[in-house]
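These values consider heavy atoms only, across backbone and side chains, with no hydrogens, waters or symmetry-generated copies. Positions are given from 1, in the same order as the sequence printed here. Read the numbers this way: they start at 1 and go in the same order the structure lists the ligands and their atoms.
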Amino acid sequence: MSTISSTFTKRDLARIEAESFVQTIEYHRELPSTSDRAQQRAKAGQAYSPPLLILTEMQTAGRGRNMNRWWSTPGALTFSLLCDLSDLKCSRECLPQVSLVTALAVCAGLRKLDHRSEFRLKWPNDVYIMKRKVAGILLEPVPLDPHGLVVGIGINVNNSLNTAPPDVRAVGTSMCDVHDERYELTTALIHVLNQLAAHYAKFAKGWLRLKHEWGPYCLLSGRTVCVTTGERQISGLCHGIDLDGALIVQNDEGRQRLYSGSVEQFD
Ligand code: BTN
């Protein structure tokens, strides 16, 4: 029986380079945050061919959206891609859409790995199984480079949440906890990277129909949601997303279209 390791060997890294769209890989056994490291690489001004993959087996200070931390242990997939927005034929203005496209791609990659689970998308960019978060995405522009984008992705694959802090266990899950199965991390990563390449290419050509692709996997459609957007809190019935990726929430004040925010609650 083959054992499944949480370490990436030289052979694994060569496979990732050969079988995916990443041009360069920087691998660390341990790192505070792959997204911080990607930002450092961008700032250092050294030449690199995008997308550059920063991969680690163990992240010790992972960051999530809204200044949250991202908990993980070995067995999780934690990586960041330093991308060039010109390859996506877009600028910073379309980051809200890129965020949704990234979530669609991660979800598609995980479906290739696990055919049994019903993966769902929680606007704007979380992937869920059975109303629990299994993957999170953090998009951050590179401050002094208008084309630079860091896409940070964390996926709970073989890291059981049994040892996670209570607040993480309350809302999260891991693929290994859902089916009591472990997955080959290199294969998982390659599936996700290939879906990112395919979805970004489709988006760049203007062929990706967001509403159409998101619809079947939308976790929030038909549910009552409470969304924090800036200083405002908006509650109402969710009607999924619109053609441009806006979340549609219907309440007494009418049909609200939200372009950014966090869904704090859903029924
Ligand atoms: C979220 O759902 O809040 C986003 C979580 C993003 C976590 C990933 S793990 C790899 C990358 N490095 C980080 O520090 N964060 C992202």
Side-chain angles (χ1 to χ4, degrees), residues 6 8 16 20 22 25-43 51-83 95-96 98-107 109-110 119-129 131-143 148-159 161 164-165 167-175 185-186 188-189 192-193 196 217 219-220 227-229 247 260-266:
S6 53
F8 291 89
I16 296 163
S20 81
V22 300
I25 303 178
E26 191 184 296
Y27 173 63
H28 301 259
R29 291 293 296 268
E30 191 177 300
L31 208 58
S33 156
T34 55
S35 287
D36 287 349
R37 177 64 194 148
Q39 291 285 358
Q40 279 168 10
R41 280 288 305 254
K43 206 160 67 178
L52 161 70
L53 172 69
I54 311 279
L55 176 66
T56 190
E57 183 184 324
M58 175 62 194
Q59 200 174 235
T60 53
R63 295 184 292 104
R65 295 175 67 220
N66 307 322
M67 314 280 281
N68 289 326
R69 78 205 151 97
W70 180 258
W71 174 90
S72 66
T73 51
L77 267 180
T78 47
F79 62 98
S80 297
L81 287 169
L82 178 52
C83 302
L95 284 188
V98 175
S99 165
L100 304 186
V101 174
T102 306
L104 272 172
V106 172
C107 184
L110 296 183
F119 291 96
R120 291 288 173 264
L121 292 162
K122 175 172 168 263
W123 184 93
N125 60 15
D126 293 332
V127 182
Y128 272 58
I129 306 177
K131 292 178 87 176
R132 284 176 177 272
K133 180 161 163 171
V134 71
I137 295 164
L138 181 67
L139 253 61
E140 295 174 315
V142 173
L149 174 70
V150 175
V151 179
I153 299 177
I155 309 171
N156 297 323
V157 182
N158 296 328
N159 54 321
L161 261 59
D167 58 320
V168 176
R169 287 174 64 176
V171 292
T173 192
S174 178
M175 291 174 65
L185 280 184
T186 301
L189 178 58
V192 171
L193 291 172
L196 283 167
Y217 302 103
L219 174 68
L220 303 177
V227 190
T228 302
T229 174
L247 187 75
S260 65
S262 283
V263 179
E264 310 293 356
Q265 286 171 34
F266 59 94

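Between Leu185 and Gly75, the shortest heavy-atom distance links the atoms CD2-O, 3.6 Å.
Between the CD atom of Glu57 and the OG1 atom of Thr73 there is a distance of 10.5 Å, given to the nearest 0.5 Å.
By the salt bridge (charged side-chain N to carboxylate O under 4.0 Å, His left out) test, Arg169 pairs with no residue at all, sequence neighbours left out. Remark: Thr229 engages Arg232, Ile234, Leu258, Ser260 in a side chain to side chain contact (heavy atoms under 4.5 Å, CB included) (not counting sequence neighbours).
At a cut-off of 3.5 Å, with distance as the only test, a side-chain donor of Ser80 or Ser35 sits close to an acceptor on the other residue.
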Give a table of atom pairs where an N or O of ligand 1 lies under 3.5 Å from a protein N or O.
from: ligand 1; atom 1: 2 (O); to: Lys133; atom 2: NZ; distance (Å): 2.5
from: ligand 1; atom 1: 3 (O); to: Arg65; atom 2: N; distance (Å): 2.7
from: ligand 1; atom 1: 12 (N); to: Thr34; atom 2: OG1; distance (Å): 3.1
from: ligand 1; atom 1: 12 (N); to: Ser35; atom 2: OG; distance (Å): 3.4
from: ligand 1; atom 1: 12 (N); to: Gln59; atom 2: OE1; distance (Å): 2.9
from: ligand 1; atom 1: 14 (O); to: Ser33; atom 2: OG; distance (Å): 2.7
from: ligand 1; atom 1: 14 (O); to: Arg63; atom 2: N; distance (Å): 2.8
from: ligand 1; atom 1: 15 (N); to: Arg63; atom 2: O; distance (Å): 2.7

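Under the salt bridge (charged side-chain N to carboxylate O under 4.0 Å, His left out) criterion, no residue pair touches residues 71-80, with sequence neighbours excluded.
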